[in-house]
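Here the structure is a predicted model, which is why all the values come from computation and not from measurement.
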Amino acid sequence: MNIKERIVRILKEKECPPQYPDQLMDMLEISKDDQQLFMSILEEMVDEGMLMLTRKKKYALPEDLGFLTGRLQSNAKGFGFLIPDDKDEKDVFISPPNMHGAMHNDRIMVRLLTASETDSWPSREGEIIRILERANKQVVGTFEHDKYFGFVVPDDTKIAQDIFISKDEMNGAKSGYKVVAEITKWPEDRRNPEGRIVEILGHKDEPGTDILSIIRQYDLPEDFPGEVMSEARNIPQKISEKDIKGRRDLRDLKLFTIDGADARDFDDAVSIEIVENGNYLLGVHIADVTHYVKTGTALDKEAYKRGNSIYLVDRVIPMLPKELSNGICSLNPNEDRLAMSVFIEIDKKGKVIKHSIEETVICSKARLVYDDITSILEDGDKALEDKYREFLDDFKLMNELREILYNNRVKRGSIDFDLDETMIKLDENGKPIEVCPEDRGIANQIIEEFMIICNETIAQHMFWSNMPFVYRVHEEPDLQKMLDFNEFIHNFGYHLKGIGGGEIHPKVLQTVLNQAKGTREERIISAVMLRSLQKAKYNEKNLGHFGLAAKYYCHFTSPIRRYPDLMIHRIIKGLLHGNMDEKRISKLDKFLPELSDHCSKTERLADDVERETEDLKKAEFMQDKIDNEYDGIVSGVTQYGIYVQLENTVEGLVRLSSMEDDYYSYDEKHYCVIGTRTRKIYRLGDLVRIKVIKVDLPSRNIDFVLVD
């Protein structure tokens, strides 16, 4: 625990009034010799909003004085909410007059208003008194030119104000072009922010400009820095005898990669055989990225900064340069590669008997595609069977093992969310020509099960080795959210067993999914259940994985595209080589909490960007479908309307104001809207027919109306 955390903790625990610096020093047993350093830390904490300095020069926690700090979540209508740093605190509403020039995602301090100061009491309302950190130094949007000035309409609708651009700061921008504006003067009450154009991305209708705008909006790197590229180009694209020394040679082993047809990198290969006692010997072979990405290099620092690769609809923003991700670290067929191989012996009941982790040299015998293997196993495609004859026995064994592993997971209570992933096909100009659910065939499931058992085995091995590690954790759900979910599924005739005891086992949730399988409400129940659970994240502590019903879990299998996997490989190698001395362990103990938090954040960022580009292309796909009618299912209910998802996974909004047969009110508790006169009800899971009436690309919104 650092000194700042100790100061906060001691003020919380002792519930003491504001303290003078020397009083805090006594409580923390800090000597007078360190007084100057201690004072600078207190000043930093005030700047960061962790402490407040009173008129009497005493220090206190903001919440003890009626203040809260956190991030601002703005709304296009001009109001916002404080999302407090303290997770135990509820959000605070901030009306437009009390925003005082703050913008979306700024870090702010808010004074809680009293009942006499607000009309919305007893709901919590606040006034922004300090902007601690600005979030939007640059804004992406569409430039509009007036006679004497210009302005930028932000793509992010949460930024409610346009950016004023003087004639001298336009830098050649023209109306209708997507631009990046740097803010030179922050907004004030009744005054828009001012800025200058620093980059022109292209006309809003030009191919690729839409995705590039999102990349700039999230401040994602398009290219690697020169120093990183220099290191990458100096890495040999062939392995040498020196690289192989000390490794187990598996180049004669029949192993291969299985990926999607459009996969760009191959970081895992698999092998299988039956050993003498009749057990399966599963081999999972992962590219040895750490051999090339050394700790502290420019490559390593950039990979850590990015945290993970980001897969957009039309491109990839990789964690590592293509010289590694598509080159020497990609397990291309018939090319020698360095790997970390995990061999897992599994009996016919799915129990792991023993395992080994080894540094190896391998040579993939083929680059196989999910759809082909699925066609062989599900449809008995004769042409494909002839093409892959040498692998047919392996496919059958792998499918046997897949079924055993899957059934084992289900028995222990692992939750199998069968949610629709979306496949979006683009033409050569980046225009969407097809949007549909993505198939998850047997071959996909084989690789999924093999990676899960490998990740579990590695995590358990490292837990019992008592070494610092990065786990993939999924904590138990909040009880209140589970009670709310139980009330929701009660509308469909389902019930969570045993929830009254205050705890819930994942098997109970899986039972509900099984009961709902094949029904019209299946997708909705899966979606609401997922929203009711915690988000998976990285942690230096082994907190278990609730969704998989696993005591131990980690991410080991994708070091090309995830930094936690890369770090795990380093730790395992240190253990294999006997390099985990006290100094290294101590260093890891300090670093891994920071790494876990950072990589959890970069993962969430990737999810947001990927979802944003997907929503954009879905909206673009529906642009020429105005007045078309479709069947759909109610996928969301709000106080302003109901969301309807179509069979192709596109989602649109039916506004309550468009439902003219009655006045509908929102019943939050039961996830439905109810007609005041007719008592007609629309709830999650209902089948409806809609007509597309409007598509707004900038906001990614699609509007529907109900068809009788």
Side-chain angles (χ1 to χ4, degrees), residues 246-250 252-258 267-290 331 337-362 394 397-409 411-412 414 446-473 542 544-545 548-559 564-580:
R247 291 175 176 267
R248 183 179 172 191
D249 193 335
L250 297 177
D252 290 334
L253 182 66
K254 188 165 55 168
L255 54 84
F256 42 81
T257 62
I258 310 176
D267 54 4
D268 58 85
V270 289
S271 62
I272 195 164
E273 57 186 287
I274 298 292
V275 292
E276 286 184 8
N277 59 12
N279 291 341
Y280 300 94
L281 183 63
L282 170 66
V284 178
H285 313 273
I286 308 299
D288 188 357
V289 181
T290 60
L331 306 182
R337 290 290 185 258
L338 304 181
M340 293 286 288
S341 294
V342 184
F343 286 99
I344 311 169
E345 185 179 326
I346 305 168
D347 68 16
K348 296 293 183 181
K349 293 181 179 178
K351 182 181 178 183
V352 173
I353 305 302
K354 60 183 179 180
H355 70 274
S356 66
I357 309 167
E358 306 171 61
E359 292 176 291
T360 59
V361 55
I362 64 173
D394 300 85
L397 282 176
M398 287 180 173
N399 196 30
E400 280 177 23
L401 183 56
R402 171 203 65 82
E403 192 170 2
I404 291 168
L405 293 174
Y406 173 75
N407 289 337
N408 254 19
R409 275 203 305 117
K411 278 179 195 170
R412 77 185 188 203
S414 178
I446 285 172
I447 295 302
E448 184 178 310
E449 292 302 329
F450 289 0
M451 297 306 123
I452 288 174
I453 195 67
C454 179
N455 286 332
E456 284 186 38
T457 301
I458 290 287
Q460 185 170 1
H461 176 93
M462 293 306 294
F463 177 79
W464 290 108
S465 70
N466 202 28
M467 286 289 128
F469 200 60
V470 183
Y471 295 93
R472 180 68 171 177
V473 304
N542 179 38
H545 198 293
L548 290 171
K551 288 183 180 178
Y552 318 93
Y553 200 68
C554 69
H555 275 170
F556 168 83
T557 52
S558 292
D565 305 48
L566 186 67
M567 193 69 211
I568 281 174
H569 280 234
R570 282 194 186 129
I571 294 170
I572 291 169
K573 279 184 154 191
L575 191 61
L576 290 176
H577 291 287
N579 296 332
M580 297 297 284

message: So if I apply the side-chain contact (heavy atoms from CB on, under 4.5 Å) rule between Ile362 and each of Leu331, Asp288, Leu253, which one comes out positive?
response: Leu331
Ala549 versus Ser414, closest heavy-atom pair with distance: CB-N, 3.6 Å
query: Once you round to the nearest 0.5 Å, how far does CG of Leu575 lie from CE of Met580?
result: 6.5 Å
- request: Hey, could you give me the CD1/CG distance between Ile453 and Asn408, rounded to the nearest 0.5 Å?
  value: 8.0 Å
field: Value rounded to 0.5 Å, distance of CD1 in Ile272 from CD1 in Ile346
entry: 7.5 Å
- line: Residues pairing under salt bridge (Lys or Arg N to Asp or Glu O under 4.0 Å) where one sits in residues 459-472, two or more places apart or in two chains, turn out to be Arg472-Glu603
- prompt: Between Ala287 and Pro559, which heavy-atom pair has the shortest distance, and what is it?
  reply: O-CG, 3.5 Å
message: For the CG atom of Leu281 and the CD atom of Glu273, what is their distance to the nearest 0.5 Å?
response: 5.0 Å
message: Tell me if the centroids of the rings in Phe256 and His285 come within less than 6.0 Å of each other.
response: no
- prompt: Can we say Glu449 and Arg409 salt-bridge, meaning some charged N sits less than 4.0 Å from an Asp/Glu carboxylate O?
  reply: yes
task: Give the minimum heavy-atom separation between Thr557 and Asp565, together with the two atoms involved.
output: N-OD2, 3.2 Å
message: Given the ring of Tyr280, does Lys348 sit roughly above its face, with NZ or CZ under 6.0 Å from the centre of the six-membered ring and within 45° of the axis?
response: yes
- prompt: CD1/Ile568 to OG/Ser558 distance, rounded to the nearest 0.5 angstrom?
  reply: 11.0 Å
statement: All heavy atoms of Ile344 vs all of Cys454, minimum pair found to be CD1-CA, 3.8 Å
message: Restricting to side chain to side chain donor-acceptor pair (under 3.5 Å), what partner residues turn up for Tyr553, sequence neighbours left out?
response: Asn455
- request: Working to the nearest 0.5 Å, report the span between CG of Leu548 and CD of Glu456.
  value: 6.5 Å
- prompt: Under the ring pair (Phe, Tyr, Trp, His ring centres under 6.0 Å) test, which residues partner Phe469, sequence neighbours left out?
  reply: Tyr471
